[in-house]
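These notes concern the structure reproduced below.
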Amino acid sequence: MDLSTSYLGFRLKNPVVASASPLSRTVEGVRQLADAGVGAVVLSSLFEEVLEAEARRHGALVEAGSERFAESLTYFPEAALADAAPRRYLSLIERASSAVAIPVIASLNAVTPAGWTTYARQMQDAGAVAIELNFLPSLPVEDEVSGRVIEERQLEALRLVKAVVSVPVAVKMNPCYSAAGEMARRFAAAGADGLVLFNRFLCPDIDPQALAVVPSGGLSSPADGRLPRAWIALLRRRLTISLAASSGVEGPDDVAKHLLAGSDVVMTASALLRHGPEYAQVLLGGLCAWMASKGFSRLEELRGLLAAEAR
Amino acid sequence: MRATVDGNEAAVTVAYHTNEICAIFPITPASPMAELADTWSASGRPNIYGSVPTVVEMQSEGGAAGALHGALQGGALSTTFTASQGLLLMIPDMYKIAGELTPTVFHVAARSLAAQGLSIFGDHQDVMAVRQTGFALLGSSSVQEAHDLAAVAQAATLRARVPFVHFFDGFRTSHELNTIELLSEDDLLTLVPEELVRAHRARALSPEHALIRGTSQNPDVYFQARETVNPFYAQVPALVEQSMEALAERCGRRYHIVDYAGHPEAERVAIAMGSGAETLRETVAYLAARGERVGAVTVRLYRPFPGEALLGVLPQTVRRIAVLDRTKEPGSFGEPLFLDVLGVVAEASTRNERVAMPEVIGGRYGLSSKEFTPAMAAGIFAELATARPRRRFTVGITDDVSGTSIPYGALDIEPAETLRAVFFGRGADGTVGANKNTIKILGTRRYAQGYFVYDSKKSGSETVSHLRFGPRPIKAPYLVEKAGFVGCHHFGLLGRQEVLARAAPGAAVLLNCSQPPERVWETLARSIQERILEKGLSLWVIDANRIARELGLGERINTILQACFFSISGVLEAGEALDRMKEAIRKTYGRRGTKVVEANLSAVDRAVEQLARVEIPDEATSTFELPPLVPDSAPQFVKAVTAVMMAGRGDELPVSALPPDGSWPSGTAAYEKRNISDLVADWDAQACIQCGNCSFVCPHSVLRAKFYDRRRLADAPPGFRSAPLNARGLPDTRYTLQVSVEDCTGCALCVEACPVTAPKDPTRRAINLTWRDDVVAAERRNAAFFETLPDAERPRVDFGTVRGTQFLTPLFEFSGACAGCGETPYLKLVSQLFGDRAVIANATGCSSIYGGNLPTTPWTTDAAGRGPAWSNSLFEDNAEFGLGLRLAADHHGARARARLAELKDQLGPELVSAILEAPQRSESELAAQRERLAEVRQRLLALSIPAAIELQSLLEYLLRRSIWIVGGDGWAYDIGSGGLDHVLASGRDVNVLVLDTEVYSNTGGQASKATPLGAVAKFAAAGKAVEKKDLALQAIAYGSVYVARVAMGADPQQTLRAFREAESFDGPSLIIAYSHCIAHGIDMRDGLDQQHRAVASGSWPLLRYDPLLRANGENPFLLDSPRPRIPLEDYTSRELRYSMLATSDPAEAERLAALARDAVRLRWETYEEMATRPAHRFPADARKER
């Protein structure tokens, strides 16, 4: 069975891609995913704001006890003092890339123009074969900023990154645009080499017993696959760039459905988190079995079979 | 190249670049030298010969000296950095190193020795204690000299083969920032060329040309062999001179082993070493320019003593000489420099090498960094001009006991071109950091000097920064006395007399104040207004706290006030100054990200906008005065002595005011109401379940609980809070948890420990933080009333529960430990449970500092005047010191029992038997014994026979005495490890409490053998690569030691049980207590939660090992915490000591984290196996019944 596919210009041995998740936060996790047979791995995202917050926190903790008492003017060795450089992330890229044979894609969420360009270039230099721009839905704190402005910011970030890197750049869109289709076109026009549909907004929950806001589990279920699938089916014949489906993958059927809608690859984090990295084998095995039952021998025969007609 | 560095950096820059091995141990004030060397080594910086020096931290200075001796015998260029007690510990090796003619330089930030009290500050007691070892001694008197003479020493030692101590004054020089010229690599290579290195290497021990060193010599040859070195010593002065000349040729700075400055025909001369010599030189220049025939001699090479050179520089006209020693040798004919000078001059005169013998007098000055000023120097010359100068004298103090002190007036010799500024700040506000920044900003344009005075407390500490700027190098190693600019960074500090006292007439005073400018004047106390008017000061104000709050800078008001300084002082043209400041902000804060940079840049702009000058009326208008520092009810000593020290005027106290033997009254911290936190604890009587958790964990003993008869409330002030006591059978009893808000540090550990959530409001607990200003007046009244309520009778208290212990009065209170300290709750618990019969031996470290650093100390007494008797001997000997206390108590106890038995018939056989057989384990048994002893004391009064008189003096030893040996991990795991091991093996009844912060906390976070695998610390910047020593298992191996590992934040009940079992065990006990620490890089509020995580992750398993169980045939090893139930990362990732490695070296962090996980698992498996062994598989306690 030939499961090979193309994504962002790479030839992948199969279409199951591990998307950004805690599994892809460590070299060991990436190795496990590769051993389980996924076609590519997207590393857990680098967030500029998190990086800055960490540096601020480190700075405050270092300052906390210093210059107060004559015997202990500092508490930490200067050599190890933290800064906002993403060394941990770049090291992950370097080590993960050399540890596995499959493509390792970096994921970035920055907030400043300098953040987008600096980190993207550093990611490329560290060995990332591609960069995924992780655009989150806009948060309520920005309720005075118009949708158009936010869209323009994202497009500008994409242009900036494209201008400084030579590796392919994918955009992980969120579904909350007024006109997601138009936005997809504009991303493509701005140079995106691929689109990932969709990012999800992990809303917190409330515990009425504890009277507390608590984090939600955050894993997707098969029903969550419908929205990205619908959009992929709509966009497949209108765009020539790569399309990746994300969300709602629980079993091999979900993989098949996304492929039939027209995705080049199918990304999953939830299923791998729920069942462990080795579950990739189950997905791939199931996909092969289904293909055999339907008489397909190559992935290309079925991809986009049920995509919507181009106008 | 010009640079602004402190003396430590100046010296280590040379030492590091001209050595191959640095063997060190942290000690104030020398630690920064070792830390810099370690930082450079870790970053791969090579020395001038192209290799990267190896820096190794040892277990003590004795160990460092041993390693150094070995490295030197191995032919490596080797050095160390030390001070004080550390240098003393090196003495045995120093004799060896010198005896073997081994070149090395020890760089010493000279410091006081612990005598009647410890002092971290500077004088020459330590270097004078090694003058007999055979080391040459070379002293620097400024930051520039500390740099230059470090190189001279290195060059000379390799040429002479005589080892050197290169010293400079601790703090005054080691910590003074000054603008100096740095030697280049080429300069150093010229001074210390490689052929000297090769010659040294050629003398290494080597099997290729084998020989032996370190023989045992007998009466036949030892003496002669000892005399063989004389020629080597004889040439040292000339070789040092040559090196100094070579330095002068390279860089133009000319020094001599002995230098003279002053009038060419001086009649009066003063002689000194170290920074005092610089003050002397400057004063002499000033006086000589005004026609006085005075001179100053600087002795740089002190050993071998350069008598010839001294005679060479002394003008023949000299009639009187004052020799100044920065040391004290009680009982000697005079201090050492004086004796040397006297001897040299006398010898020359008797041999007719001088025309006339001048009169030589000797004086002491500057002990423990006591100021030595031009006024004092002038005072010495005035003394020399009197008809009969004192033969021995002191200067800088008032000695009303022995009459040694000489008078001096006021003298300002500083050039008008020098801008002098003083800043009063708090540790938390960043004032010192900002001033260091200012020096850097200005250091490239002008010459700068900075010296910083810190507090004796670690929480709410105050700082004073002394800055000077000028067009020429600044040579003024003393505090700024007449400042043209005074920054008072907290309104409350204005009450300190020192603030306006340091202002020169017409100076500008900047005050951080929440009042608008037009209302500031009326908020000032009358005496402050009067001082402002007297001196004609201008007053500027800014509300820096508000700006900082608005910009999200929290307590960090430094940038705002720094901008104001630049605006007012005119040290640079305002526009340029602010531009440079902004440039510095981008550089300093750049690594923290854009938000921090932007906030600080905005702070500069807002500061300039909002800075305002206060209109000062012609006369004082205020009708109120500053409140007294201590209440009128305070004891006389507190009012006469302690309060003066609290006010920052301790320098004014005469000798007679101070105890002669180092014994000070307990409990003085209670009189110092510091009001250091804006937020304080606030009790919710309705929500509270009276569990006692909050007061159990309170590090500062500010939460006290009492129960009392309801009728007592009749006298309570309005607003006094109480609730029905939550206990059966006591219906008319009320409960109050009182907060000492004036002592509260706002650490919030109580809030975190509270298990209650207020109904309807999940954000509130039964104890919360509130604004101090809103409650302080009422709570002061409440606390005073609370004091009048009776303490619980100890036999009525349930000692076995956390809830019960809240009713035991803490005899350790209001210490100056860091807010939220993880150590102090354990000490407070000891004081509550056993304090009225405890003697505490306390190793040097954090606990000896917050426990015994003057002016006020926390160990206190109960209503009957009983409480812990506390003492600190040294860092290294604490276990032995404590054992000695035990031996003495046991000896006295045995003697008392014998006498009591002898007097059985006279005293009553029943009473005597009852005393001798009293079990004394429970509190009621102890109370009963106290009653019996009181009865015996009465009956003894009727007997006048010698045995009765002796027994009177020993009666107290018939009450079971509780000996506690307390210290940190630096002591227990490293420097005191051998002694601790021995004491644990002694079988004696001592209780050892190790406050384990897993790092040297007091000296600033150096790695110890308690530092866990993967944690970052100084000297383990790349992450500690060896697992923490399992001290518990080591002690368990003896079979006769009670051992417990506890973490109050994880299981307070287990902690309590362990403390009680340990104390009651008749033999050695060891408690290893997890103590969260600011050096872990945590928000201290999370300290208890981190303790919980340490235990839950298996990093810190709770255990007890009780030999009594073994004796009863049970398994003595009790594993008190459940199996690890959270990943190790859930504990470690929250602490900077672990997470910083993940940022700096991610791959190594992951590698060490994986090994740490394995280590935790392995240890847990071992413990689990031990917890299931039968008793006979543990060693028996072989001691006889005692």
Side-chain angles (χ1 to χ4, degrees), chain A residues 25-29 48-96 98-99 110-115 206-213, chain B residues 28-29 31-32 35 38-39 42-43 120 171 175 427-428 430-433 452 454-455 457-458 461 463 554 556 589-596 757 762 818 849 1001-1005 1016-1022 1078-1079 1081-1084 1136-1137 1139-1147 1149-1150:
Chain A
R25 201 177 281 160
T26 63
V27 180
E28 189 46 39
E48 183 181 8
E49 281 181 311
V50 171
L51 208 57
E52 285 215 356
E54 254 178 31
R56 273 201 304 281
R57 180 170 176 272
H58 283 196
L61 289 173
V62 165
E63 247 167 26
S66 61
E67 300 287 9
R68 291 177 189 206
F69 187 69
E71 297 207 69
S72 45
L73 297 176
T74 63
Y75 281 105
F76 293 98
E78 204 157 323
L81 290 189
D83 55 27
R87 261 180 237 102
R88 194 173 356 172
Y89 197 86
L90 299 176
S91 165
L92 173 65
I93 297 176
E94 275 170 25
R95 289 179 293 139
S98 56
V111 287
T112 61
I206 279 174
D207 178 344
Q209 289 310 316
L211 301 182
V213 177
Chain B
T28 308
S31 309
E35 290 166 10
D38 185 52
T39 299
S43 66
I120 60 170
F171 281 106
H175 282 58
T431 295
V432 171
F452 307 92
Y454 300 92
D455 206 325
K457 311 281 190 209
K458 301 192 185 208
S461 61
T463 63
R556 308 295 283 189
Y589 296 110
R591 61 209 243 157
R592 307 252 187 104
T594 43
K595 279 190 186 165
V596 178
T757 302
C818 297
I849 294 299
S1001 300
N1002 193 53
T1003 48
V1016 164
K1018 289 175 184 166
F1019 305 103
I1078 198 153
I1082 55 169
D1083 180 341
M1084 291 291 268
L1136 189 57
R1137 59 175 169 155
S1139 61
M1140 68 198 309
L1141 188 61
T1143 316
S1144 62
D1145 188 350
E1150 282 180 29

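Lettering of chains follows the sequences in order, A, B, ..., and the numbering in each one begins at 1.
- With hydrogens and angles disregarded, a donor-acceptor distance shorter than 3.5 Å links the side chain of B/Lys1018 to the backbone of B/Gly1004.
- Taking B/Phe171 as the reference, B/Phe121, B/His175 meet the ring pair (Phe, Tyr, Trp, His ring centres under 6.0 Å) condition, with sequence neighbours excluded.
- Looking at B/Tyr454 and A/Glu71, their side chains never bring a donor and an acceptor atom within 3.5 Å of each other.
- The side-chain contact (heavy atoms from CB on, under 4.5 Å) search around B/Pro762 returns A/Leu211, B/Thr757, not counting sequence neighbours.
- For A/Glu48 (side chain) and A/Thr112 (main-chain N/O), a donor-acceptor pair under 3.5 Å exists by modelled atom type.
- Only the side chain of A/Leu73 comes within less than 4.5 Å of a heavy atom of chain B; its backbone N, CA, C and O stay farther away.
- Only the side chain of B/Ile849 comes within less than 4.5 Å of a heavy atom in chain A; its backbone stays farther off.
- With respect to chain B, the highest number of heavy-atom pairs below 4.5 Å among A/Ala70, A/Ser91, A/Ala210, A/Gly115 belongs to A/Ala70.
- No other option in B/Gly430, B/Gly1005, B/Ala1142, B/Ala1020 has as many heavy-atom pairs under 4.5 Å with chain A as B/Ala1142.
- Among B/Ser31, B/Gly427, B/Pro32, the residue making the largest number of heavy-atom pairs under 4.5 Å with chain A is B/Gly427.
- Only the side chain of B/Arg556 comes within contact range of chain A, with at least one heavy atom under 4.5 Å from a heavy atom of that chain.
- Heavy atoms of B/Thr1003 lying under 4.5 Å from chain A belong to its backbone as well as its side chain.
- Looking at B/Thr1143, its side chain does come within 3.5 Å of a backbone N or O of B/Ser1139 through a donor-acceptor pair.
- Rounding to the nearest 0.5 angstrom, the gap separating the OG1 atom in B/Thr39 from the CD atom in B/Glu35 is 7.5 Å.
- Counting heavy-atom pairs closer than 4.5 Å to chain A, the top residue among B/Ala1079, B/Ala1149, B/Pro29 is B/Ala1079.
- Between chain B and the options A/Ala212, A/Ala60, A/Gly59, the largest number of non-hydrogen pairs under 4.5 Å is found for A/Gly59.
- Look at A/Glu54 and A/Arg88 and you find a salt bridge, because one of the NZ, NE, NH1 or NH2 atoms lies within 4.0 Å of a carboxylate O, short of that distance.
- When each of A/Glu94, A/Arg56, A/Glu63 is checked for heavy-atom pairs under 4.5 Å with chain B, A/Glu63 comes out on top.
- In this structure, the portions of B/Thr594 lying under 4.5 Å from any heavy atom of chain A include both its backbone and its side chain.
- Looking at B/Ala1017, the atoms closer than 4.5 Å to chain A (heavy atoms on both sides) all sit in the backbone: N, CA, C or O.
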